[in-house]
Chemist: 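Sharing a structure below in structure tokens format, with a few things to ask.
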Amino acid sequence: MTLVINEVESALVNNEITQKMYINGEWVLSEGNKSREIINPANGKIIGTVTEGSAEDAKKAIEAARKAFYENGWMNSKARDRAELLLKISNKLEERKEEFAYLDTLNNGKTLRESLGDVEDAVNQLRYYAGLATKPHGQTYDVPDDIQAMVVREAIGVVGIIVPWNYPLVMANQKIAAALAAGCTVVVKPAQQTPLSVIRLFELIDEVGLPPGVANLVLGPGRTVGSELVSNPDVDKISFTGGTDTGIRLMKSAADTVKKISLELGGKSPNIVFADADFETAVDYALFAIFANQGQVCSAGSRLLLEESLYEKFVPELVKRAKMIKVGPGWVDGIEMGPLVSEDHMNTVLDYIEIGKDEGATLLCGGDRIVEGEFGKGYFVEPTIFGDTTPNMRIVQEEIFGPVLAIQTFKTEEEAIELANGTAFGLAGAVFSTDGAKAQRVIRQLRAGITWINTYHPTFNEAPWGGYKQSGIGRDLGTYGFEEYLETKQININLKVEPSGFFEGNKNN
């Protein structure tokens, strides 16, 4: 696989070639002819240059998407034809899965095994929605009249898709697959830091012969490209995954055109461990919950809620194992945690660590940037654990989005539930206990959209993903994610065709 990574790097590190956007079936440079360098977060090296779009580029893409939907027939396309296109993309993606995995590892920093898992998920997402496209999703009603009443589901229209940098390929892919399966056209804006695998995905879309304008890719900043997608009246829906503050701004902007919007936002998810939990399993998942993908996961178990009687046994073992996590470049065999995505984000995480210290939390391990040798060129932060926290601390209340765990303790079920629900977020949560009834009781009281018992993080394309409270609106994945891209139309057919007789003066004599 070393040969593969050398080939990928050599293909990318060529700044004489600026990677383009995809609008109306063509690869184009931005209107303003601007570009952006893409950085490998493991070593700070430039691994590519991409064109940087503007609001004008977004407008062109929206126009192309709208024309493809309304004038060129995509709104009346056959579900079977859409399914076949998605299957073709999935087959091509599977054939090139190692290339895509290396791209995300080089561009995002995550370990290669995580990137490979993302690509496999993306392949299966395309196949899942290809299958769902042709399945029945209408209804008929027995109404008290000579009327045949029915409901049909129709594509919403033009969808603006805005995706984050923590799962560059899989987040874009799951939204594109569902929207195209539903019969929508799309304009996709990846994160500025991590566009490379999404550009490659659009190469596959181009290869399979998707009609011009059905799928469009616009690169650029959220303040211009993203804002245009949200404010433009010709966009019928926005599907966004990202931070809560940004989601709030987008929702306000979308209100001006009463645009449909789905938001998968931040989290500060509780991982509740009772004293009767299987010890080895609970310790293992406590580490995985927060340190997978360097803690850059919206559903990360960033708050560990421990039953007080377990603290003295659990925490030393947790800290010992956290110190053993192998940190380094994600493409190196045996590495378990890579760098953070960018220097700016690394500094944000380090600032939060200082905030935790200033607030009086006890730093149990980590807390520093790793700078020895080659590490100093990348954006590596040690796995970090805080104890002696209180509910009002910022490191307990705010999403850090990095490898930083805050431990809280409780004595009773009721206290555990109160602490678990004690933030503005409600994305995910877990309970570890060998008492099945207790685990169920507690899970049912968590105000969160994704929950687990005696595990953490498993995600399935078949099941809905989304949160309560300030963690978002709507759902991705599963049939729920598919329905986000469909309108509901009621049709009533008169089975007894004759005048209504409502107006007496209009009756024939």
Side-chain angles (χ1 to χ4, degrees), residues 111 113-114 117 267-295 297-327 334 336-337 362 364-366 383-389 391 396 403-423 425-460 462-463 465:
T111 63
R113 65 176 177 174
E114 289 177 285
K268 195 69 180 179
S269 299
N271 180 18
I272 305 169
V273 179
F274 284 94
D276 63 1
D278 181 89
F279 186 79
E280 289 295 322
T281 299
V283 172
D284 178 73
Y285 276 107
L287 294 168
F288 182 57
I290 182 58
F291 298 126
N293 200 28
Q294 299 75 256
V297 184
C298 54
S299 57
S302 54
R303 291 186 296 137
L304 175 62
L305 277 57
L306 281 177
E307 189 164 1
E308 199 170 273
S309 62
L310 185 62
Y311 188 94
E312 294 301 324
K313 178 183 178 183
F314 196 97
V315 173
E317 184 66 17
L318 183 72
V319 169
K320 183 182 79 172
R321 296 192 193 184
K323 291 178 178 178
M324 295 167 61
I325 293 173
K326 297 174 183 176
V327 181
E336 298 168 322
M337 197 177 96
T362 300
L364 300 175
C365 69
T384 299
I385 300 176
F386 279 103
D388 300 315
T389 67
V396 172
V404 182
L405 177 65
I407 300 176
Q408 299 174 269
T409 60
F410 64 89
K411 293 181 180 179
T412 65
E413 280 185 43
E414 293 73 21
E415 186 182 4
I417 292 165
E418 183 180 359
L419 289 172
N421 291 330
T423 75
F425 301 104
L427 186 56
V431 173
F432 284 79
S433 173
T434 54
D435 183 337
K438 177 167 64 179
Q440 284 272 13
R441 284 197 304 270
V442 175
I443 279 289
R444 292 297 298 270
Q445 296 303 312
L446 294 190
R447 304 301 294 165
I450 308 128
T451 59
W452 303 283
I453 294 176
N454 293 325
T455 186
Y456 207 100
H457 275 322
T459 305
F460 305 102
E462 299 82 2
W465 185 272

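Note that the numbering runs from 1 along the sequence shown for the chain. Heavy atoms only: backbone and side chains are in, while hydrogens, waters and symmetry mates are out.
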Chemist: Are any of the side-chain heavy atoms of F432 and Y285 separated by less than 4.5 Å?
Modeler: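 A side-chain contact exists here, since the closest heavy-atom pair is under 4.5 Å.
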Chemist: If you count the non-hydrogen atoms of other residues, nucleotides and ligands that lie under 6.0 Å from CD in E317, is the total more than 12?
Modeler: yes
Chemist: So, taking the atom named CG in L305 and the one named CD1 in I272, what distance separates them when rounded to the nearest 0.5 Å?
Modeler: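 It is 5.5 Å, given to the nearest 0.5 Å.
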Chemist: Mind checking whether S269 and T423 have side chains closer than 4.5 Å, heavy atoms only?
Modeler: no
Chemist: Please report the C-alpha distance between F279 and V273 in whole Å, then the side-chain angles of each, then the deciding distance to 0.1 Å, and finally whether the side-chain contact (heavy atoms from CB on, under 4.5 Å) criterion is met.
Modeler: CA-CA 9 Å; F279 186 79; V273 179; over 6 Å; no
Chemist: Minimum heavy-atom separation for A289 and H457, please, with both atom names.
Modeler: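 Heavy atoms only, the tightest pair is O-NE2, 3.0 Å.
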Chemist: As an exercise, state the distance from CG of L364 to OG1 of T384, rounded to the nearest 0.5 Å.
Modeler: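 It comes to 10.5 Å.
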Chemist: For E114 and T111, which I'm curious about, is there any donor-acceptor pair between the side chains at under 3.5 Å?
Modeler: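 Short answer, yes.
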Chemist: Is any side-chain heavy atom of R303 closer than 4.5 Å to a side-chain heavy atom of L405?
Modeler: no
Chemist: Would you mind reporting whether V431 and F274 have side-chain heavy atoms less than 4.5 Å apart?
Modeler: yes
Chemist: For E336 and M324: C-alpha separation, side-chain torsions, deciding distance, then whether side-chain contact (heavy atoms from CB on, under 4.5 Å) applies.
Modeler: CA-CA 10 Å; E336 298 168 322; M324 295 167 61; over 6 Å; no
Chemist: Checking side-chain contact (heavy atoms from CB on, under 4.5 Å) for the pair S299/F425: CA distance, chi angles, key distance, verdict?
Modeler: CA-CA 10 Å; S299 57; F425 301 104; over 6 Å; no
Chemist: Check the pair E307 / T409 against side-chain contact (heavy atoms from CB on, under 4.5 Å), numbers first and verdict last.
Modeler: CA-CA 6 Å; E307 189 164 1; T409 60; over 6 Å; no
Chemist: Which heavy atom in V319 sits nearest to a heavy atom in C365, and how many Å separate them?
Modeler: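 V319 and C365 have their closest heavy atoms at CG1-CB, 3.8 Å.
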Chemist: Drop me the distance from M337's CE to I290's CD1, to the nearest 0.5 angstrom.
Modeler: 9.5 Å
Chemist: With rounding to the nearest 0.5 angstrom, report the CG to CG distance, L306 to L419.
Modeler: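 So the CG of L306 and the CG of L419 are separated by 11.5 Å.
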Chemist: Measure the OG1-CD distance between T389 and Q408 for me, rounded to the nearest 0.5 Å.
Modeler: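 If we round to the nearest 0.5 Å, T389:OG1 and Q408:CD are 4.5 Å apart.
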Chemist: One thing to verify: whether K438 and E413 come together as a salt bridge, which I'm taking to mean a side-chain N less than 4.0 angstrom from a carboxylate O.
Modeler: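 No, E413 and K438 are not salt-bridged.
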Chemist: How far apart are the C-alpha atoms of E280 and R321, what are their side-chain angles, what is the distance that settles it, and do they pass the salt bridge (charged side-chain N to carboxylate O under 4.0 Å, His left out) test?
Modeler: CA-CA 11 Å; E280 289 295 322; R321 296 192 193 184; 2.7 Å; yes
Chemist: Please report the interatomic distance CD1(I407) to OH(Y311), rounded to the nearest 0.5 Å.
Modeler: 5.0 Å
